[in-house]
Protein chains: 2
Amino acid sequence: MMISTKGRYALNILLDLSQHADEGYISLKKISQRQKLPIKYLEAIVSVLNKSGMVESLRGKEGGYRLTKKPEDYTIGSIIKLAEGSIAPVSCLESENCAQACHCLTLPLWMKLEGLIDAYLESVTLKDLLEQKIS
Amino acid sequence: MMISTKGRYALNILLDLSQHADEGYISLKKISQRQKLPIKYLEAIVSVLNKSGMVESLRGKEGGYRLTKKPEDYTIGSIIKLAEGSIAPVSCLESENCAQACHCLTLPLWMKLEGLIDAYLESVTLKDLLEQKIS
DNA sequence: TAAATTCCTTGTGATATAATAGGAAATGAA
DNA sequence: TTCATTTCCTATTATATCACAAGGAATTTA
C-alpha cells in the first residue's frame with residue numbers, strides 16, 4: 001500500500017474544509033463527526049498540514065482550521081506527499097541509496113513508475129475532486 | 001510502499017533465471033549469491049512463482065528452477081501482482097468494500113490511479129528490462 | 001470564569017515486513 | 001547404495017509501521 005490512512009484522511013480533512021470554507025474556522029470535532037474518523041488521529045494529521053501552511057488554525061472556543069488557499073491551488077500530489085512523506089512505490093527510491101543502484105536492471109522501471117504516479121497526482125486538484133471531474 | 005521486497009525479489013529471481021536460461025536448472029544458492037539476497041527468504045518467494053507455473057523446479061542435486069516461458073511473455077504487472085497479492089495503491093480498492101464508497105469523492109481518483117499503474121506495469125516485460133528498454 | 005478548542009508528548013495493540021530455523025523428501029553423481 | 005545437494009514444508013522471530021488512544025497544557029471566546 002502506497003497511500004495509507006494518513007494521506008487519505010489528510011485529503012478528507014481538506015475536502016471537508018473546502019466544502020465548508022464559508023463557515024470560518026472548522027473544528028476537528030465537526031470534521032470527525034461528518035467524516036466519521038477518530039478525532040485524536042485527525043489531530044496528528046492536521047498538525048502536519050498546519051505546520052506546512054496548507055491550513056491555518058485558531059485555538060480556543062469557536063476555533064478550528066481553515067484553508068489558506070483556494071481548492072484549485074492544492075494538488076493531490078502535494079497533499080499525499082506531505083502526509084505520507086513520499087509517494088515512492090518502492091523503498092529503493094527513497095533516501096537511502098541502494099548499493100547496487102548503478103547496475104540494477106529494475107531501477108529505471110521504478111523511476112518511470114514514480115514519475116507516472118507523480119505526474120497524475122500533481123495534475124489533479126481539490127477542486128477537481130469536489131466537482132467530480134475524474135475521467 | 002506499494003511494492004515490497006517480495007515483489008522486487010521475485011523480479012530479481014526471474015531476471016536471474018532469464019540471464020542464465022541456457023544453463024538448465026538454476027539453484028537458489030546461486031541466485032542468492034549473485035543477487036546477494038537471503039536464500040531462505042527467496043525460498044518462500046519462489047514457492048509462489050512455482051505454484052503459479054511461472055517457473056518449474058527440479059529437486060535434488062543439480063536441481064533448481066527455470067522459466068516456463070520466454071522473457072517477453074512475462075509482464076512485470078503479472079509478477080508483482082502475484083508476489084505482492086495486489087498493486088492497489090490504497091486499501092479501499094481491495095477486497096473489503098468501503099461503506100462510504102457510493103458517496104466518496106476520492107474513489108474515482110484511486111481507481112484511475114490504479115488503472116494507470118496497472119497499464120504501465122502490464123506494458124513492460126522481463127525482456128524489456130533485460131534489454132534496458134525503459135524510457 | 002468556564003467551556004471549547006488546538007497543541008504537545010507519550011503509549012499501545014494489531015498487523016505487516018523481512019526474514020530465520022529445522023528438518024523431510026527427492027534427485028543425481030560417486 | 002550412499003551421500004551431497006537441493007527443493008519443499010511448517011513453524012518462529014525480530015523489527016517496523018499503522019492506526020489509533022491518553023492525558024494534559026496553552027489559548028481563546030462567550
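So that the names make sense, note that chain A is the first sequence line, chain B the second, and so on, each numbered from 1. Atom set for the values below is all heavy atoms of this structure, side chains included, hydrogens, waters and symmetry mates excluded.
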Output the single nucleotide from C:dA19, C:dT6, D:dG23 whose closest atom is nearest the side chain of A:Lys40. D:dG23
For a quick test of reading the model: is some side-chain N or O of B:Ser27 closer than 4.0 Å to OP1 or OP2 of D:dT5? no
Taking C-beta and beyond as the side chain, do A:Met2 and A:Ile80 meet within less than 4.5 Å on heavy atoms? no
Side-chain heavy atoms under 4.5 angstrom apart, residues restricted to Ile, Leu, Val, Met, Phe, Trp, Tyr: same cluster for B:Val55 and B:Tyr25? no
Tell me whether B:Ile87 is reachable from A:Met111 by hopping between hydrophobic residues (I, L, V, M, F, W, Y) whose side-chain heavy atoms are closer than 4.5 Å. yes
Which whole-number value in Å describes the distance from B:Leu42 CG to C:dT20 C1'? 13 Å
Counting only side-chain N and O atoms of A:Tyr25, is one of them less than 4.0 Å from OP1 or OP2 of C:dA4? no
I need the CD1-C1' distance between B:Ile26 and D:dT5, as an integer number of Å. 15 Å
Whether B:Ser57 contacts D:dC8 is assessed here as follows: a side-chain N or O lying under 4.0 Å from the phosphate OP1 or OP2. Is that the case? yes
Are B:Thr5 and C:dA18 close enough that a side-chain N or O sits under 4.0 Å from OP1 or OP2? yes
Of the nucleotides D:dT5, D:dT6, D:dC20, which one has an atom closest to the side chain of A:Pro38? D:dC20
For B:Ile39 and D:dC8, what is the distance between atoms CD1 and P respectively, to the nearest whole Å? 13 Å
Expressed in angstrom and rounded to an integer, what is the separation of B:Ile13 atom CD1 from C:dA18 atom C1'? 14 Å
Whichever of A:Val46 and A:Lys61 has its nearest DNA chain C nucleotide further upstream toward 5': A:Lys61
Starting at the 5' end of DNA chain C and moving along, which residue's nearest nucleotide shows up first, B:Ala44 or B:Lys6? B:Lys6
Determine: side-chain N/O of A:Asn50 to OP1/OP2 of C:dC7, distance under 4.0 Å, yes or no. yes
Which whole-number value in Å describes the distance from B:Glu56 CD to D:dC8 P? 11 Å
Looking only at heavy atoms, which two atoms of B:Glu23 and B:Ile26 are closest? And how far apart? CB-CD1, 3.9 Å
Distance check needed: D:dA30 P versus A:Leu58 CG, whole Å only. 10 Å
For the side chain of B:Tyr41, counting heavy atoms from C-beta on, which of D:dT29, D:dT7, C:dA18 is nearest? C:dA18
D:dT5, OP1 or OP2 - any side-chain N/O from B:Lys29 closer than 4.0 Å? no
Interatomic distance where CD belongs to B:Glu62 and P belongs to D:dT5 [whole Å]: 10 Å
Could you work out which one of D:dC9, C:dT6, D:dT29 sits closest to the side chain of A:Glu43? C:dT6
Using a cut-off of 6.0 Å, state whether more than 12 heavy atoms not belonging to A:Lys133 lie near its atom NZ. no
By nearest-nucleotide position on DNA chain D, the 5'-leaning member of A:Tyr9 and A:Arg59 is A:Tyr9
Take atom CG of B:Asn12 and atom C1' of C:dA18, then tell me their distance rounded to the nearest Å. 15 Å
Picking from B:Leu42, B:Leu37, B:Ile13, what satisfies side chain to side chain contact (heavy atoms under 4.5 Å, CB included) with B:Ser32? B:Leu42
